[in-house]
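Notes to accompany the following structure.
What you see is a predicted model; the values in this text were computed from it and never measured. Computed from heavy atoms alone, side chains included, the values below leave out hydrogens, waters and symmetry copies.
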Amino acid sequence: MSLISANKKNKTNDFALGQKNITMVQAITDALDVMLERDERVMLLGEDIGKNGGVFRATDGLQKKYGEDRVVDTPLSEAGIIGTGVGLAVNGMRPVLEIQFLGFIYPAFEQIATHVTRMRMRTRGELTVPMVIRAPYGAGVRAPEIHSDSTEAYFTHMPGIKVICPSSPYDAKGLLISAMEDPDPVLFMESMRLYRSGKEEVPEGYYKEEIGKGKKVKEGKDVTVITWGAMVKTAKEAADSMENRDIECDVIDVRTLYPLDQDIIADSVQKTGRVVIVHEAHETGGVGNDILSVINKQAFMYLKAPIEKVTGFDVPVPMFSLEDHYLPSAARIQTAIHKVYSF
Amino acid sequence: MSLISANKKNKTNDFALGQKNITMVQAITDALDVMLERDERVMLLGEDIGKNGGVFRATDGLQKKYGEDRVVDTPLSEAGIIGTGVGLAVNGMRPVLEIQFLGFIYPAFEQIATHVTRMRMRTRGELTVPMVIRAPYGAGVRAPEIHSDSTEAYFTHMPGIKVICPSSPYDAKGLLISAMEDPDPVLFMESMRLYRSGKEEVPEGYYKEEIGKGKKVKEGKDVTVITWGAMVKTAKEAADSMENRDIECDVIDVRTLYPLDQDIIADSVQKTGRVVIVHEAHETGGVGNDILSVINKQAFMYLKAPIEKVTGFDVPVPMFSLEDHYLPSAARIQTAIHKVYSF
Amino acid sequence: MNFPLVRCIKEDGNMVDPSLKEKISEELVKKFYFHMKRIRAFDRSAKNLQRQGRLGTYAMYEGQEAAQVGSALALDTMDWMLPTYRDHGALLTHGAEMMRVLLYWNGRMEGSFHPGKRIFPPAVPIATQLPHAVGTAWAEVRKGTNNACLVYFGDGATSEGDFHEGLNFASVLKSPVVFFNQNNGYAISVPVYKQMNSESIVQKSVAYGIPGIRVDGNDIVAVYFETQKALERAKKGEGPTLIEAVTQRFGAHTTADDPSKYRDQEEVERQREHVDPIRRLERFMHKHGFENETWIKETEKAIETEIQEAIMEMENFPKAEIEDIFDHVFEIMPRSIVEQKNEYMEWIRGEKV
Amino acid sequence: MNFPLVRCIKEDGNMVDPSLKEKISEELVKKFYFHMKRIRAFDRSAKNLQRQGRLGTYAMYEGQEAAQVGSALALDTMDWMLPTYRDHGALLTHGAEMMRVLLYWNGRMEGSFHPGKRIFPPAVPIATQLPHAVGTAWAEVRKGTNNACLVYFGDGATSEGDFHEGLNFASVLKSPVVFFNQNNGYAISVPVYKQMNSESIVQKSVAYGIPGIRVDGNDIVAVYFETQKALERAKKGEGPTLIEAVTQRFGAHTTADDPSKYRDQEEVERQREHVDPIRRLERFMHKHGFENETWIKETEKAIETEIQEAIMEMENFPKAEIEDIFDHVFEIMPRSIVEQKNEYMEWIRGEKV
Ligand SMILES: Cc1ncc(C[n+]2csc(CCOP(=O)(O)OP(=O)(O)O)c2C)c(N)n1
Ligand SMILES: Cc1ncc(C[n+]2csc(CCOP(=O)(O)OP(=O)(O)O)c2C)c(N)n1
Ligand SMILES: [Mg+2]
Ligand SMILES: [Mg+2]
């Protein structure tokens, strides 16, 4: 577990007072709560986030606590939410915008691609958009169509926005707080599968995890497995089971998809020379290929085998009767680890 | 120059009657004209495409010739254009939709990501969307902001749509006709820089170029240069000049960005072992990384040097006073060729 | 703005204008009644199946039967229907196979379309289907047919850009579309008054210079006749109409939703007495000599049998085939998908051994 | 729908309601006149510069001066302005540096913002600025100030989803925004009657339950007072207003456009006699004792000097720095950009040796 970075910049109640054992969705609520408390400029906007507390209850109780002015049920309009957020952010607020599912962010695509990400550039920093867009993503929870998209690559290709995808309650809270204090826009992806899939000790109060830094979740010398979000658990499971066959894996949770932590990737690949990249997005154009590019640049001479990718296919995420086949499984990852190991 | 593929499937007037020496934008008008003539189902929709003939005159004269019912000036609404196109296509028409600049396609992103590309899948082919979206793209013509985007990678990552980007009048016409006869949606990217930058002999009448096939524009044994669209000319220029230093390049115009022609890439890389990829889109998440992935899979063992990329940077396309620095230049490509050659 | 609520049958079952009775044949009343009962029974069964884990998340429409059946019955077979995820009541009325509707909610691709029927797959992203309707209807005009399009959407959907772009396109193109809004009071948890500042949805028709009709969505007679008129206008080349059917969603947004978080469900149950569209029709039938106990009993039984058979069919439907993931993205599979498919299918076969 | 065209000064310069004259001080008239003359002179100079290759593609606004100046003058310094690419007349009136406006059209990033002024960079993607205005104005409410927002957009912009979503949000949030539409008859080549089926733009206010005003956009007095009223309403917490200013674009869409392809430019020139907003004000001044030849001459000279100086400043402005491409994407440059920058800057230096 990472150390608490006791950032005490703004207020005094920075010290972790204790720990609590909570799920990822609770950790997210907690981060929002901490920041609403610390910083008056923070406002939450979204569909059903107020009275209803969000369709996943990520904002449960917050409207009651902070009022309808700060935790706002908006009309059903993603371009409206993000566009209004741009105005709020430019004019001094710190909007956190919930997009109900990542698959419904597309109506706001123009706002993100042409304004959220370009305002600083266009005004040389005179006007900026410190905004967090939160969006549940991913397959595996038997959700209806479109709800299961994992389309982070649209945003990593968009200059001017950071993309974060935590895999644990601890990281989720620390990274969300960092995102909310970041001077630039952040897309914060939350795995629906992980929302309630396990608890972890999380410090109370304020702490930050550094954006742009990956994390080793398992140490090994033979094969590097690189992934993020919901796939961390699956990859770890696969890597653990490879120990039976005497294959030791380095498992890296990159946590931030843009900017990527090139060092953690390069260091590991220089050690192992064998790589498996795992993600649930479509293979073509996926962030896996950015990782490939990092490796090509930083560790080409160390590679002992072609890099393997275990990813979603180049097909729309299927309806739930077949989604388990779409999603990378531990078994598929094992096959890939074995393949690069025995190349 | 490729041979004419005399596809005679639908009608009789298939044979090229002669040649004419025309620019790329004229070749595009010609393709639209040929298809409006051959196929009653073809309709053109877009902003300013009727009376005005399009802001680049790509549809010049077509409304007069085919009527306001078939060449339609729409309201200023890209989601409306694409969404209406979905209905037209599902119900038997063959809509060709002009998006005035690729940078203004974003309002229609949701329509493309959730309907254009998924209709066949969702209905197992019962309802389909044979639609062509035409969009001028790219920097280098001193256009205002947003107009210069080269964001093809958003679409290559989207399962269910093909992405084409021709680099010559001949290819433009043949590929556009193929796109218009394709049973599935196609995004057809037209380089503004190339619209009027040179003429070429183009057959009159109907002919097709195959989608998904790249083309060698220069043959060489030392280094493979892979690119498309406006960059083909620049890359060729760089490659030509390397002959002075006795470096012979294979220059590949992939022409289709999804699906990529894996064979032409693999064959060349297996021969040269050294690769430079050139594109004007941002590096991170660019189609260059998909090519990297193809090479990793098909030619890993043949690589003699890390792959070099000469691309747009991870920044918004700057306003025109600086756009030439953003765009890959022949000189930068030469440096890269030299680097991989002398690795 | 003057958009009075059009109503034919009052809550107590009496007619607003008794002279309309001539136009209401026994056959028509039976149709109304049969379809409303049928889709309500279906809805309740589906909800139960979900509870038993035999369906996935399911979206109920109880309370909206008059709006869905009344509008759907106004369509001809060759007219198109573009539904949302909550309009399978209308779908069933327009001829969709019940078994397929069940498949849809069971996460099966085979359930999102209805071979041979002019029905779009349900639009999941809100309001995106409105522009589709414009194009679909326009294609009919280009073909020179006399068919129109009916597109459903909710009160929440009016906030999306696609609602606006769709209505604007249709009005400019004089596309034969009926925009049928079911104002059921809520978008998930958000009440209409937070969704918009306008007093009605129908007044948004003014923005497009098209006719707007506000109808009591729990009065199937009014819904039916108003939709019919709008369709006639469309078919005569007079362009689109916006209909707002004011109705109510009795239950949760979907089986994944807990309405007690944002409204008083007991209050909803109390209101049901006044607003339930089936009870209203029953009162009308009772007061106007259309009551027929035997027929009702038979009908109920037939419906029950149909539903049970559909459930059996759904449950006996061949298992989803993995290949389906790959096979329908393009007409001709590009190499990248071919390779992904082959690799995966080989791996699966290996695994299974 | 009753949205009469509000007019204070008739085409012949006479007043519609002479009693209004009390409210029109000489100072105000001079302001109107000065700013309209100033921005017209600017516009023409910029067009000429473009012809001479000293600017890039440029968007003219000639004909729309009353709409832009009248509305801009109604703003307080602390009110926000959100312009499109055609509203630099309004920008200049709200205090933007002329030199920067020229820089913008010369492809210089330094021209898209105005330090210290509450002005957004021009929105290039149509209608996207409307939601920004809602948020910007709402932030003022949250801060407890008394400032409002004025956002410009064209007739074509009303077809985009963002127009609709912006107005809906503003109406629900009661955000202090004035939505100022310049209906100049065309979106590039597309005339308003192909853009929409409604008879006016103002009637779209009905969809949001907000006040709508249709004003003669060539009558600066009417524009000024109506904008002022709308701003007052906004500041009193009464929410947004939609203003449609009916005006005309005399020239091409931009210097890259050829209007003869889609309209009769001679006809436009003939109409100018009636509609030119500056001539109208001149007639008013003439008839109401505001004429002052000496002042006009001085003013014209001052404007000419200012413009020439701004052009010189623009042309002497330090050359664009390559580093600017990289330096302003994030506050702290991530490694990928650092590396791209270093590599490129090294390469450029090497090249240049
Ligand atoms: C673009 C988009 N955003 C958000 C959602 C999530 N969502 C599903 S249904 C719904 C509410 C829709 O309300 P309404 O239009 O009134 O229809 P109803 O559910 O009442 O039938 C929301 C927000 C979605 N499906 N699509
Ligand atoms: C989203 C988007 N689509 C298309 C364009 C291209 N375009 C630039 S100006 C324009 C017409 C705008 O017309 P209107 O809103 O009436 O404003 P005007 O130019 O008349 O001031 C178009 C289509 C754009 N800038 N943005
Ligand atoms: Mg609703
Ligand atoms: Mg206009």
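Proximity to chain B is limited to the side chain of C/Y104, based on heavy atoms less than 4.5 angstrom apart. The contact between C/V172 and chain B is made entirely by side chain atoms (from C-beta outward), counting heavy-atom distances below 4.5 Å. For B/S77, the parts lying near chain C are the backbone and the side chain together; criterion is any non-hydrogen pair under 4.5 Å. Looking at B/D73, there are no atoms closer than 4.5 Å to chain C (heavy atoms on both sides), in backbone or side chain. Contacts between B/I81 and chain C at a heavy-atom distance below 4.5 Å involve backbone atoms as well as side-chain atoms. Residue contact with chain B, scored on non-hydrogen atoms closer than 4.5 Å, is absent for C/L167. Residue contact with chain C, scored on non-hydrogen atoms closer than 4.5 Å, is absent for B/V294. Interface remark: C/E339 contributes side-chain atoms only to the contact with chain B (heavy atom separation under 4.5 Å).
Judged purely by atom type and a 3.5 angstrom limit, B/D184 uses its side chain to pair as donor or acceptor with the backbone of C/E331. Using a distance-only test at 3.5 Å, with no hydrogens or angles considered, no donor-acceptor pair links the side chain of B/E110 to the main chain of C/P125. The backbone N or O of C/D324 sits nowhere less than 3.5 Å from a side-chain atom of B/R124 that would complete a donor-acceptor pair.
Interface summary for chain C: among B/R120, B/M43, B/Q111, B/M121, the most heavy-atom pairs under 4.5 angstrom belong to B/R120. Contacts with chain C were tallied for B/M119, B/R118, B/H115; B/H115 has the most, counting heavy-atom pairs under 4.5 Å.
Using cut-offs of 30° and 60° for the angle between ring planes, the C/F330 and B/Y258 rings count as parallel.
The two residues C/K143 and B/N91 come nearest to each other via the heavy atoms NZ-OD1, 2.7 Å. A pairwise comparison of heavy atoms in B/R122 and C/P122 identifies NH2-O, 2.6 Å as the closest pair. Considering every non-hydrogen atom in both B/G80 and C/P131, the closest pair reads O-CB, 4.4 Å. Closest heavy-atom contact between B/V90 and C/F120: CG1-CZ, 3.5 Å.
Of the N and O atoms on the side chains of C/H114 and B/E126, not one donor lies less than 3.5 Å from an acceptor on the other residue.
Not a single side chain to side chain donor-acceptor pair (under 3.5 Å) links C/Y61 to another residue, sequence neighbours left out. Applying the side chain to side chain donor-acceptor pair (under 3.5 Å) criterion to C/D76, with sequence neighbours excluded, gives C/K235.
Once rounded to the nearest 0.5 Å, the distance linking CD1 of B/I211 with CD1 of C/I332 reads 9.5 Å.
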